[in-house]
Number of protein chains: 2
Amino acid sequence: MVDATTTGNDVLSEASGRFVDGYLAYLLAQASSRISREFHREVEASGLSVTEWRVLASLSGSDGESIGTLAQLALTKQPTLSKVVQRMEADGLVERTGARRDRRQTLVRLTRKGRGLADSLCAHALRHQQAVLEPFGHDNAALLIGMLKDLIALHPPAAPLADGG
Amino acid sequence: MVDATTTGNDVLSEASGRFVDGYLAYLLAQASSRISREFHREVEASGLSVTEWRVLASLSGSDGESIGTLAQLALTKQPTLSKVVQRMEADGLVERTGARRDRRQTLVRLTRKGRGLADSLCAHALRHQQAVLEPFGHDNAALLIGMLKDLIALHPPAAPLADGG
DNA sequence: TCTTTTTCCATGAATTTTCATGTTTTCCAT
DNA sequence: ATGGAAAACATGAAAATTCATGGAAAAAGA
């Protein structure tokens with residue numbers, strides 16, 4: 001098992017080699033990219049783009065999100081997301097309903113078909129996650145996830161959305 | 001200070017709320033995006049795109065990298081990187097030299113101008129990183145970085161490059 | 001109430017990225 | 001050696017993303 005407490009000497013004051021090899025933002029981006037790449041094959045095998053999968057995942061366990069919220073969750077700009085959602089609506093994966101509370105908003109919800117696909121992919125994703133975290137052991141895995149959540153909580157999104165995003 | 005050892009109860013068996021809120025790949029992507037966004041304003045103030053900054057950062061502390069390696073480091077596809085490097089060459093930030101060892105490769109190196117800009121931005125980046133990690137304390141920060149490096153080491157890049165990426 | 005300002009989303013234009021493919025060089029097995 | 005397969009990169013066409021902008025609804029102020 002990987003023992004995070006004994007990884008290298010002082011990983012912070014990185015004195016040698018490429019700059020990026022000790023740079024947090026790079027490590028996060030690289031880890032994100034590599035961890036996701038494997039699963040994204042499954043996603044594309046389902047006929048979805050990565051962005052479309054992110055939308056499905058973001059809507060899983062929710063009974064509707066606005067375009068703006070989805071853009072933040074899916075890490076894209078709002079115009080991008082408007083167009084992705086339109087494609088997904090044409091494919092019968094989501095439906096767009098004018099929200100009751102605020103008629104400016106477009107509320108996006110999973111259709112039955114979309115929920116089926118989302119559930120299937122999410123289950124797959126969780127199995128993949130388990131495999132990824134297995135070498136770390138339960139405690140270190142929880143530590144990692146906790147710290148990522150802390151990082152996220154400490155850095156609010158660009159346009160402060162109602163709550164804390 | 002954030003105490004990662006007491007963050008929530010069991011962050012793994014996430015039973016409530018949106019699927020993504022407990023999903024490692026999402027947390028990595030979201031954290032990466034949010035941490036970087038702040039600094040990317042500095043980058044764009046320097047007249048660089050994010051991808052161009054990634055190339056500069058990847059070349060910092062190196063005396064030349066191939067197009068393929070840079071594509072991996074900068075998290076883009078090879079054709080994208082070829083074009084970005086051409087723009088950067090036109091701007092006088094990098095130079096492309098035929099590598100000695102393998103004449104198929106294009107070796108990319110920082111020019112004096114490029115190195116100046118890269119050094120300046122990297123210094124800025126490290127100050128930013130220090131601020132980001134400060135709430136975690138030295139030990140937890142080292143733990144986080146160590147685990148990210150482990151994650152990366154455990155998941156090799158798509159097309160196995162000579163070494164270990 | 002009636003502006004004035006802000007928020008939320010859609011859309012066309014421009015940019016960026018990616019896909020598909022071709023060329024050149026290297027590697028490997030005869 | 002040599003012919004075939006694989007690797008590295010460039011490039012044109014296609015697709016995706018982003019920028020700039022506009023309209024409609026809500027919020028804020030006078």
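Lettering of chains follows the sequences in order, A, B, ..., and the numbering in each one begins at 1. Side chains included, hydrogens not; waters and symmetry mates left out as well; all remaining heavy atoms used.
- Judged by atom type and distance alone, B/Lys77 does not reach the base of C/dT16 through any side-chain donor-acceptor pair under 3.5 Å.
- Backbone-only engagement by B/Gln105 is indicated by non-hydrogen atom pairs under 4.0 Å involving sugar-phosphate atoms exclusively.
- Among the protein residues, A/Thr51 comes within range of the sugar-phosphate backbone only, with heavy atoms under 4.0 Å from sugar or phosphate atoms but none that close to a base.
- For B/Gln86, taking side-chain heavy atoms from C-beta onward, the closest of the listed nucleotides D/dA10, C/dA10, C/dT17 is D/dA10.
- At the phosphate of C/dC8, neither OP1 nor OP2 sits under 4.0 Å from any side-chain N or O atom of A/Ser66.
- The residue A/Thr106 sits close only to the backbone: its heavy atoms come under 4.0 Å of sugar-phosphate atoms, none of a base.
- Scanning atom types as modelled, one donor and one acceptor separated by under 3.5 angstrom connect the side chain of B/Lys83 and the base of C/dT18.
- Distance from the side chain of B/Arg104 is smallest for C/dT25 among the nucleotides C/dT25, C/dT16, C/dT18.
- Per the geometry, CZ belonging to B/Arg103 stands 15 Å off C1' belonging to C/dC27, to the nearest Å.
- Taking every side-chain heavy atom of B/Asp102 into account, C/dT26 is the closest of D/dT17, C/dT26, D/dT18.
- For C/dC9, the OP1/OP2 oxygens have no side-chain nitrogen or oxygen of A/Ser82 closer than 4.0 Å.
- If you check residues 35-48 of chain B against DNA chain C, you find no residue with a heavy atom closer than 4.0 Å.
- Pair assignment for C/dT30 gives D/dA1, based on Watson-Crick or G-U wobble hydrogen-bonding distances that are each under 3.5 Å.
- The nucleotide C/dC19 finds its pairing partner in D/dG12, both defining distances of the Watson-Crick or G-U wobble pair being shorter than 3.5 Å.
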